[in-house]
Every structure is written in structure tokens, then in C-alpha cells.
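Scope of the values below: all heavy atoms of this structure, side chains included, with no hydrogens, waters or symmetry mates.
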Amino acid sequence: MSRSWSRTSLVIASAATALAVLTACGGSGEDTDGAPGADGKPVTITFWGWAKGSKDVVDAFNASQKKIKVDFEEIPSGNAGGYAKISNAVKAGNAPDLVSIEYPSLPEFVSSGALQDIGQEFTEDDRKKLLPQAVELTTLGGKTWAVPFDAAPQAFYYRKDLFTKYGVEVPTTWDAFKSAAEKVKKADPKARIATFFPDDPTTFEAMAWQAGAQWFKAENDTWKIDTTDPATTRVAAYWQGLLDADLVHKNASFSPEWTGSLKNGGTIGYLGASWGAGVLKGTLPEQSGKWAVAPMPTWDGRPASGMLGGSTFAVTKDSKKKAAAVEFATWMATTEAGVKARIASGTSSAFPAATALRPVAKQVFDAGFYGGQDIYALFEQSGASINPNWAWGPTTGATNTAIKDVLGKLAKGGPTVADAVEAGHDATVAELKKRGLKVEG
């Protein structure tokens, strides 16, 4: 694994060069309240997030010590409105101290000046506990902008009882996935093997990442944007074919339609990530023992994965309680108690960036929903196969909004997946130029 992560570091370091000019506008990070508990009184910080188990973690932390008190507010997931809420609060000057931000969106928050550099508070000893790639993804312009919490390798969840009933083998390649999709539809005309999420560009991007795409590349002071590469073109055409042949459902992610289809057997698979294990377990408790997890299908049958999401904790620019916020974030990400509190909630299957804590996560997660399967061993293997040649650019919001707008209009004779990717490209280039950055592509 180490070789793959080190190659990724080179990509991120390159991106950091182009981001360096943007990171100078971060917050000052002056703590007016001193260190936690310096005056004998607890420091109260506010934390906004949406990840499963967050409230349980906050409750456990508050009960574990008296120096810091955390007030938690659950907000919508980032792409469902959470990021807009955070951005608006930062602009209004009433943002919380600590926020959840996924890796793809971190560069944009950094470049907009919404966050503080936490390098002095999040020490080298802390960083050594974490997956090197996760550390690199939170290091931009030579500064540390967030505490990594989890990695998110891709995985395929499937109803093993219905796969057996329909005589469908678990696909290991994308060609086999299409054949399996045809077999599922033939066995039950109302059932589909999986769902295409028109509202979630990150799932498509993870599959392009898995295939070898590299949309964002920074060289010196220039961003090179390439979304017409063979890998992206292949993935877009593949999913267009599945949609045209009505071999997958098209529903918004985690919507009532998607959930209802899972409950009634109309959808018997889910292309997700490591955190999806907790989502399914919490969504479908009545189906315990009927689900299993497999590696993502790949183009050549050899292990390969992108990363779908993955979360970090960042301190907003106007917070005056940075030391306390980072202490809490570090506790969540790097301590056995923090990981146990989150996963023992029964709703989270987080794959910790702190490599030494993965056995803890495995021990605490009740895998009965998956028939006792060692899902963390699978996540470990998938994590080792994450394609290293991907970096996120500083305009994720503009990119994904444009893609999402077109994906929502997909229809026979109408816009295509390729059209959505093109729209994302154009929006990215326009936004980068608007910010005065050099762009090629």
C-alpha cells in the first residue's frame, strides 16, 4: 500500500503548488480564549456535521473530560445543502468552530478563505498516526487545513439471497456487471442490480477515478483540466448504455424512492463506499443477514478503487477557539475511544484514516447484518487498490453543480452522461479563469 500512497502524495504536492497562491487568505487562527481549560472553566465549541454516529461521539467526548464542551448541530450532508449552510455562515460571520468537510470539497473551502491553518495544533505526531494519503489530501499550499477522519474506498453491496435466487454471480468486472444486470432484469422485470444517482456526481467521479482518469492536474501555476480522457469517456459511455437499456434504476441518492426500492427488492445492489455498510444497516434493519459486500467491479478484473467521499474536520476562519476545536477533532480521529463511540452507535462503518484503529473499528462494528462477513478486511484490500493518480481541484462546487444539473435531465433523446461531464468541464474552466488562474484544457 505504501508505494501507492507515496505516488498519490506526488500528485497532491503538485496540486498544492497551484493552490499556494489561494491559501494566503485563510483565517488568522488567534485563540482569544487560551488553551482548553486554562482558566479552570470549560471552553465551549460548536460543531456542525452529518456523519452517522456524530452525536454519539460528541456525547462520549463531553462525558470523558471537563475542559471542553461541544455543542453539536446536525446539518444536511454536504452536497445536500450542508456546504451551502457552512459557506453562508462563514460569510455572515456566525459559523461554528468546527465543521465536517469531505476531501473533494476541502480545496474549495481553503481557496475561498473559509478555514484556518491548524498546523501548529495538529502536530507531526498526530499526522504519523494517519494514512499518509489522507494527510496529503488535507495539506495544501504547505499548510494543514483539516484533521482527516476516514478513507472511503469503493465497495459493492448486494442482496446475496436474491443473487442466489436469480442465479446471478457476483460480478468482478464491469462487463460481468452488465451481464448480471441483464440477468436480474430478466429474472424479475421490476428489479435492477443497482441505481444511478443523478444528484451525486461524486459517485460517477469515483468510478472515473477508479478507471484511471485524472481530471485535475496542477503544473507550476497552471491547472490542466482533462475530462475527455479515454477512462472518463469509457465510464460515461458505459453508464449511458446501462441507462439506455434500462438495466439500472435512476433515483436520487438516499431518497425515499431509493430506500423503498431496496426495501421491496426492486433494487438488489448498491455501488457505494466503506461508509455505506452503516447506511444500509441503519436503513434496512429488517434485511439483516441478507446482504454481503464485494470489491467494486473493475475493467480488467484486477483490484482497483476510487475514493467516494471521506471526511475531515476543519476549523472555520473566524473561530477563536482553534486549540479546543482541534483537540476535539484529534480525539475523534485518532483515539480508540473516539472511534469506538462512533461505530458502537450501530449506524457508522467508518474506515479510519488512523491505521492502528482499524482493528478497533472491526471489533466494534456488528457485522451480523452482513452475516458476520469481515467487511473491514475487504475495505483494507480495496483501500490498498485506490488509484493514486487523482487530485481534487479548487472548484468542486462549480464542477459538481454543473454535472448534477445535466444528470438530472437525463432522458432518451435528451442530455447524456457525456454532456454532463462536458458541462462540468466548462464550468470548471470558467470558474478557474474567474479566479484569475491559468487553465489548460
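In this structure, Ser348 and Phe365 approach most closely via the heavy-atom pair O-CD1, 3.4 Å. Val364 and Ile343 make their closest contact through CG1-C, 3.8 Å (heavy atoms, listed as atom of the first residue, atom of the second, distance). Counting all heavy atoms, side chain and backbone alike, Val429 lies closest to Gly441 at CG2-O, 3.9 Å. What you find for Gly272 and Leu308 is that their closest heavy atoms are C-CD2, 3.8 Å. Pairing each heavy atom of Thr267 with each of Thr195, the nearest pair is CG2-OG1, 3.6 Å. Scanning all heavy atoms of the two residues, the minimum distance from Tyr103 to Pro148 falls at OH-CB, 3.4 Å.
Going from atom CD of Gln240 over to atom CG of Leu410 covers 6.5 Å, rounded to the nearest 0.5 Å. Between the CD atom in Glu102 and the OG1 atom in Thr312 there is a gap of 9.0 Å [rounded to 0.5 Å]. Rounding to the nearest 0.5 Å gives a distance of 8.0 Å between NZ of Lys178 and CG of Asp175. Atom CG of Asp200 sits about 3.5 Å away from atom OG1 of Thr202, to the nearest 0.5 Å. Rounded to the nearest 0.5 angstrom, Lys322 NZ and Asp97 CG are separated by 12.0 Å. Here Leu131 contributes atom CG and Arg358 contributes atom CZ; the two are 5.5 Å apart, rounded to the nearest 0.5 Å.
Side-chain atoms of Thr164 and Asp161 include no donor-acceptor pair closer than 3.5 Å.
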Exercise for the section: Let me see the working for Phe328 and Phe313 under ring pair (Phe, Tyr, Trp, His ring centres under 6.0 Å), right down to the final yes or no. Expected result: CA-CA 10 Å; Phe328 170 55; Phe313 305 117; 7.3 Å; no
Exercise for the section: Show your working on side chain to side chain contact (heavy atoms under 4.5 Å, CB included) between Ile403 and Glu205 and close with a plain yes or no. Expected result: CA-CA 10 Å; Ile403 294 174; Glu205 289 160 351; 3.8 Å; yes
Practice task
Let me see the working for Lys404 and Asp199 under side chain to side chain contact (heavy atoms under 4.5 Å, CB included), right down to the final yes or no.
Solution key: CA-CA 5 Å; Lys404 179 179 174 179; Asp199 67 313; 4.1 Å; yes
Practice task
Under the side-chain hydrogen bond (donor to acceptor under 3.5 Å, both in side chains) rule, what do Thr144 and Arg127 come out as? Steps first, then yes or no, please.
Solution key: CA-CA 10 Å; Thr144 299; Arg127 295 184 185 93; 2.7 Å; yes
Practice task
List the steps and the verdict of side-chain hydrogen bond (donor to acceptor under 3.5 Å, both in side chains) for Thr222 and Asn220.
Solution key: CA-CA 6 Å; Thr222 300; Asn220 299 318; over 6 Å; no
Handout entry: Trp392/Leu106 under side chain to side chain contact (heavy atoms under 4.5 Å, CB included): CA gap, chis, key distance, verdict
Key = CA-CA 9 Å; Trp392 291 105; Leu106 186 65; over 6 Å; no
Exercise for the section: Any chance you could lay out the side chain to side chain contact (heavy atoms under 4.5 Å, CB included) test for Met332 and Leu98, step after step, and finish with the verdict? Expected result: CA-CA 12 Å; Met332 286 194 286; Leu98 191 70; 4.0 Å; yes
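Of the possible polar contacts, one joining the Asp150 side chain to the Ser311 backbone as a donor-acceptor pair under 3.5 Å is found. Proximity of a side-chain donor or acceptor of Asp244 to a complementary backbone N or O of Gly241 within less than 3.5 Å is not detected. Looking only at distances, a side-chain donor or acceptor of Ser345 sits under 3.5 Å from a matching main-chain atom of Arg342. A donor-acceptor pair under 3.5 Å is formed between the side chain of Gln287 and the backbone N or O of Leu262. Checked by atom type and distance alone, the side chain of Trp331 never pairs as donor or acceptor with a backbone atom of Gly338 at under 3.5 Å. The main-chain N or O of Pro297 is found under 3.5 Å from a side-chain atom of Trp174 such that the two form a donor-acceptor pair. With hydrogens and angles disregarded, a donor-acceptor distance shorter than 3.5 Å links the side chain of Ser385 to the backbone of Ser382. A side-chain donor-acceptor contact under 3.5 Å links Ser349 to the backbone of Gly278. Looking only at distances, a side-chain donor or acceptor of Thr298 sits under 3.5 Å from a matching main-chain atom of Gly301. The closest donor-acceptor contact from the side chain of Ser54 to the backbone of Trp50 lies at 3.5 Å or more, if one exists at all.
For the ring pair (Phe, Tyr, Trp, His ring centres under 6.0 Å) criterion with Tyr157, the lone passing option out of Phe163, Tyr270, Trp291 is Tyr270. No option in Thr428, Leu140, Val110, Leu432 other than Leu432 meets the side-chain contact (heavy atoms from CB on, under 4.5 Å) test with Pro394. The one candidate from Pro303, Pro295, Ser274 that meets the side-chain contact (heavy atoms from CB on, under 4.5 Å) condition with Pro153 is Ser274.
In this structure, the ring of Phe122 has its center no less than 6.0 angstrom from the ring center of Trp145. Between Trp390 and Trp215, the distance separating the two ring centers is shorter than 6.0 angstrom. A centroid separation of 6.0 Å or more is found between the aromatic rings of Trp239 and Phe204.
Using a 4.5 Å cut-off on side-chain heavy atoms (C-beta onward), Thr396 and Phe216 make no contact. Side-chain atoms of Val326 and Val315, non-hydrogen and from C-beta on, do get closer than 4.5 Å to each other. Using a 4.5 Å cut-off on side-chain heavy atoms (C-beta onward), Ile101 and Leu115 make contact. Between Thr399 and Pro201 the shortest side-chain heavy-atom distance does not fall below 4.5 Å. Side-chain contact between Ser100 and Phe47: present, with at least one pair of heavy atoms (C-beta onward) separated by less than 4.5 Å. Side-chain contact between Met207 and Tyr238 is absent, with no heavy atoms from C-beta onward closer than 4.5 Å. For the pair Asp226 and Lys217, the minimum side-chain heavy-atom distance is 4.5 Å or more. Between Tyr158 and Val168 the shortest side-chain heavy-atom distance does not fall below 4.5 Å.
Relative ring orientation between Phe254 and Phe197 is described as tilted, the plane-to-plane angle lying within the 30° to 60° band. By the 30° and 60° cut-offs, the orientation of the rings of Tyr376 relative to Phe351 is tilted.
Sorted by first then second residue, the side chain to side chain donor-acceptor pair (under 3.5 Å) pairs that include residues 275-284, not counting sequence neighbours, number zero.
Annotation for Lys250: atom NZ counts as buried by contact number, over 12 foreign heavy atoms lying within 6.0 Å. The environment of NZ in Lys52 is sparse: at most 12 heavy-atom neighbours from other residues, nucleotides or ligands sit within 6.0 Å. Shown here is Glu73, whose CD atom has more than 12 heavy atoms of other residues, nucleotides or ligands within 6.0 Å.
Salt bridge annotation for Arg435-Glu431: present, with a cationic side-chain nitrogen under 4.0 angstrom from a carboxylate oxygen. With respect to the salt-bridge test (charged N to carboxylate O, under 4.0 angstrom), the residues Glu182 and Lys185 do not qualify. In this structure, Lys263 pairs ionically with Glu286, as a charged nitrogen and a carboxylate oxygen lie closer than 4.0 Å. Looking at Lys55 and Asp59, a side-chain N of the basic residue comes within less than 4.0 Å of a carboxylate O on the acidic one, giving a salt bridge.
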